[in-house]
Structure formats: structure tokens, C-alpha cells
Number of protein chains: 2
Amino acid sequence: MNRRIPDSTVRRISHYLRALEVMGVQGTPTVSSEELAQQGGTTAAQVRKDLSHFGSFGKRGLGYSVPELASRLRDILGLTCRWRVVLVGAGRIGSALFEYPHFARRGYDCVAVLDNDPEKIGMSWGPVRIRPVEELELVVDALKVDIAILAVPAEAAQTLAERAVAAGARAILNFAAVQLRVPAHVHVAYVNLVVELEALSFAITQNGKGRRK
Amino acid sequence: MNRRIPDSTVRRISHYLRALEVMGVQGTPTVSSEELAQQGGTTAAQVRKDLSHFGSFGKRGLGYSVPELASRLRDILGLTCRWRVVLVGAGRIGSALFEYPHFARRGYDCVAVLDNDPEKIGMSWGPVRIRPVEELELVVDALKVDIAILAVPAEAAQTLAERAVAAGARAILNFAAVQLRVPAHVHVAYVNLVVELEALSFAITQNGKGRRK
DNA sequence: ATGCGCTTGTGAAATTGGTCACAATGTAGG
DNA sequence: CCTACATTGTGACCAATTTCACAAGCGCAT
């Protein structure tokens, strides 16, 4: 086991965990790799290979204990502590994110919200007051922020990423449609609507030749 | 050239296109694979390999003509026609999406918005009136919808996907945190915030061992 | 017209990730 | 206790993707 873990494995683990949590609520005691594969949209062998990177959690002939495996996966994904997050950009996407119920529930605390619109600065979102984006360094440093979420226009993203990193952020979730250039020790994840839509229109175009009718 | 195109190639093409459009506005006439690679967060060889799947668009010794390559990439990605999209779910995410300026500008027309909340049904979002989700089949069929965007709770996603597909949708953009099971001819793209966040906390945990301080 | 420098396009090699098959190992039942 | 059966964990294969290296092509300067 161990070595470097493929990114795709990590993503799938995240899916397995969500499936396990549903099963946990339903009271299912054990699950086989075959069943997990169905939920996660993959194959039984893939499930076992993914898990084998981290150890062996199952019982041969029986499968996996749902609560136990869920707990192990939470450990693996680093969900046993709470992460401090700063949200940069209080626009539509930022607001949708902030309200997302699973967000806080899964261990992410939004300790600050920043924006550069004077109209928005000072507003209160629940317990958090929107601050000027100039305070980014202050916030990241003083509140020991781990993850910066960039929900800002593409032009602003690179600069803000650099500032967040310089102030100590170790990971960035980027909603802007640009590739960020950051030091190797900083991790970046992308959520990019446009890329996904364009991948779809590419796929449709390839297949059925053009749009309907 | 040609054969099956890797998904990762398609995503990168989408990035190249966006970089090219910025250069186009700035008036840059030509670009090398090296420069494109910088913008797209990859390597020059990768850029050339990606493009070579579709033909040869550059001039040796000189690079690529920015407007010409942009135009070719738009063709490849299927952005020269407009796609008809139905948005299912008029919550926070749906609303953020709907307002996203690049959405319409890049060739996607949101021809209908559906929700199951009686409070919302009948409201007008710009030129579009929110309809009951029961009308999904009607809308997909009558308005010749190509792409269904699911911005709904995880429990509802699978059923709605099946209904959209049965009514004729050929692609689905899924914001819900479940893997969809659909026939092979239907393309699905996922936007999953939770997976990305968990991939980040995994990465931070692996590296620096736990959160800051 | 020729040579030089730069940059593309591409087969071949290397790497990475996924699939398969099966031995190992557990449970349950007689 | 022993046999039948189910399901895991994994090493060996296989497939896909990325990297590498270089011949071929283009434009400019002389």
C-alpha cells in the first residue's frame, strides 16, 4: 500500500464516503465492493484497488462494515478536523457556496468573506461580516486560514491566489476560468462550469452530429 | 489524427480557447505552443499533441495565428451553434448559473427553468418564467433541449436525469453529489464542490500533516 | 538563393492508471 | 470440525496518456 495516490482515486473515495453515509443512515451494516462500485459509478475491482492504497478494511467473504469504512475514509480524506476557509468574492457563486448546507456540516468553517464592492462590504451574511478584499493577508494570517476559495472574475484570480499563498494559505479552490500558477506545495482544485459545458457540446457534436432537429 | 479523443485533451482545448480569446482582445497576432502551455497550465509538447488530434493548425518556425486557432477550436468544441439548455432547480446554484454572464455569450441558451417549489413557480427570471418540474418532459421535447442542467438535491438527481433522457436530452451537467446512471449515448459532466474540497483536504493532510498551527 | 534559427507535428518510449484472475481468508451450516 | 461459499487484497497484465526527441517546414537576413 501507499506511495503516491492517483487523483482519481481520491475523488472516488469521496464518492464512496457519500454512498456509505447514505447507507449508514439507512442502517445497512455491511457492504461489498460490488455494491459500493454501483453507487460510485465504477467497478468492484476498482473499489478494492482504491481502498488497498490505504490498507485493508474489509473482511473476506463478508465485505466492509459500513460505519467502520466510513470512519476510515473520513480519516483518509482529512475530514476529522475542521478546516478554516476564506471565501473571496461575495457574488452569486460565493453566496451559493456560503449557503450550501453540506459545506459547514462536512468540516469546513467559512471564517471570513471578502469582496471589493463597497456596496457589499459591511453586510452581514449570517454570523460573518463581509470585509474588503484588502484584508486578505490579514485574515489568512490571523485566522490561520487553510483554504482560500476564489469566486472572483478570471482577471483577479491569479493575483489573489498569490496573495493568499504568500499569507500562508495551503490550498485554493478556484471557480475562475483560469489556470493558476502557484508554488508546488500549494494545492489547487478547479470548479469550472465552462469547461464542463464545452466538454459536453464537444461530446454531442462528435456523436450525433450537431444539435437536435 | 483523430480516433477517440481523451477527455483531458478536450478540457485543455477549452482552456486554450479561453487564453486565445484574451490574446485576441489584446491584439496578439500569433502564439507559440510554449506560450499557450503557460496559460493552460501544461507543457508545449502537450499542447501540440492535443491539437494534433484534430489537424495541424500552426506554421513551423512561427507558431499559431491567434484568431485562426481560436476559430478552429470553437469549431472543434461545437461552439459555432447555440445549444438549448434546460435548468432544473431554481435554487442558489441554479440562480448563480443563470446569471453567469459567459453562459449565454458562449452559445448556451437557457430555454426554460424548472423547480418544484410552489413559491418559485411562476416567478420570472429575466425573460424566462419558472415552471413546475412536472413539465420537464414537455419542455425537453417541445423546445428540443440538448442539455439538461441538474441543480437539485442528490436524492432527486437520478430520477430527473432519467426523465430528461427519456424525453430526448443528450447531455447532462450534474451539480448533485451522485454518480448518474444513464444510457451510454448520453454524456454526463459533473460539477461537484464537495469532491473538490475533499481532494484538497486530502492533499493538505498528506503533505503538511494536519491543519495550520 | 542559401543558410540559420525557431517552432511545429509526430512516432517511439516511458509512465500512469485500470482491469483481471486468483490465492487467501473469512462466515455459515451441517 | 469440515465443507461450501462469498468476497477481499494483490500481483501480473493491459490500455491510455504524457513525455521525449527529432526530422520537417517556414521566414528572415544576408
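Letters go in sequence order (proteins before strands), and every chain restarts at 1.
Note on B:Tyr64: every side-chain N or O is 4.0 Å or more away from OP1 and OP2 of C:dC6. For A:Ser33 and D:dT7, the shortest distance from a side-chain N or O to OP1 or OP2 is not below 4.0 Å. Note on B:Arg4: a side-chain N or O is less than 4.0 Å away from OP1 or OP2 of D:dT17. Remark: B:Thr43 is in phosphate contact with D:dT19, judged by side-chain N or O atoms under 4.0 Å from OP1 or OP2. Between A:Ser8 and the phosphate of C:dG18, there is a side-chain N or O to OP1/OP2 separation shorter than 4.0 Å.
For the contact set between residues 18-32 of chain B and DNA chain D, defined by any heavy atom under 4.0 Å, there are no members. Of the residues in residues 44-51 of chain B, B:Arg48, B:Lys49 come within less than 4.0 Å of DNA chain C through at least one heavy atom, sorted by number. Only at 4.0 angstrom or more do the heavy atoms of residues 67-76 of chain B sit from any atom of DNA chain D, so none qualifies.
Here salt bridge (charged side-chain N to carboxylate O under 4.0 Å, His left out) pairs that include residues 155-169 of chain A, with residues two or more places apart or in two chains, are A:Glu137-A:Arg163. Residue pairs meeting the salt bridge (charged side-chain N to carboxylate O under 4.0 Å, His left out) criterion with at least one partner in residues 29-45 of chain A, sequence neighbours excluded, do not occur; the list is empty. Listed by first and then second residue, the salt bridge (charged side-chain N to carboxylate O under 4.0 Å, His left out) pairs that reach into residues 67-79 of chain A are A:Glu21-A:Arg74, sequence neighbours excluded.
B:Glu34 has its CD atom 14 Å from the C1' atom of D:dT19, to the nearest Å. Taking atom CZ of residue B:Phe57 and atom C1' of nucleotide C:dG9, one finds them 12 Å apart after rounding to whole Å. Put simply, CG on B:Asp7 is 16 Å from P on C:dG17, counting in whole angstrom units. Taking atom CG on B:Leu36 and atom C1' on C:dG9, their separation rounds to 15 Å, with Å as the unit. A:Ile5 has its CD1 atom 15 Å from the C1' atom of C:dG18, to the nearest Å. Atom pair B:Arg12:CZ and D:dA16:C1' shows a separation of 12 Å (rounding to whole Å applied).
Of the possible polar contacts, none joining the A:Arg170 side chain to the A:Val186 backbone as a donor-acceptor pair under 3.5 Å is found. Judged by distance alone, with hydrogens and angles left aside, the side-chain atoms of A:Asp115 form a donor-acceptor pair with the main-chain N or O of A:Ala90 at under 3.5 Å.
Considering only heavy atoms from C-beta on, A:Leu17 comes within 4.5 Å of A:Arg106 through its side chain. Annotation: side chain of B:Arg92 is not in contact with side chain of A:Arg92 (no heavy-atom distance under 4.5 Å). A:Val145 places none of its side-chain heavy atoms less than 4.5 Å from the side chain of A:Trp83.
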Measure all distances between protein nitrogen or oxygen atoms and nitrogen or oxygen atoms of nucleotides 23-26 of chain D, and list the pairs falling under 3.5 Å.
residue, atom, partner, partner atom, Å
D:dA24, N3, B:Arg60, NH1, 2.9
D:dG25, N2, B:Gly61, N, 3.1
D:dC26, O4', B:Arg60, O, 3.3

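For the side-chain hydrogen bond (donor to acceptor under 3.5 Å, both in side chains) test, no residue two or more places apart in sequence or in another chain qualifies with B:Ser65. Residues passing the side-chain contact (heavy atoms from CB on, under 4.5 Å) test with B:Leu138 are B:Arg131, B:Glu135, sequence neighbours excluded. In this structure A:Ser14 satisfies the side-chain hydrogen bond (donor to acceptor under 3.5 Å, both in side chains) test together with A:Arg18, B:Glu198, sequence neighbours excluded. A:Asp50 meets the side-chain hydrogen bond (donor to acceptor under 3.5 Å, both in side chains) test with A:Thr9, A:Arg12, A:Tyr16, A:Gln46; sequence neighbours excluded. With sequence neighbours excluded, the residues forming a side-chain hydrogen bond (donor to acceptor under 3.5 Å, both in side chains) with A:Arg11 are A:Asp7, B:Glu196, listed by chain and number.
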Query raised in the report: After noting the C-alpha distance and the side-chain angles of B:Tyr108 and A:Ser201, does the key distance pass the side-chain hydrogen bond (donor to acceptor under 3.5 Å, both in side chains) rule?
Result: CA-CA 10 Å; B:Tyr108 302 92; A:Ser201 64; 3.2 Å; yes
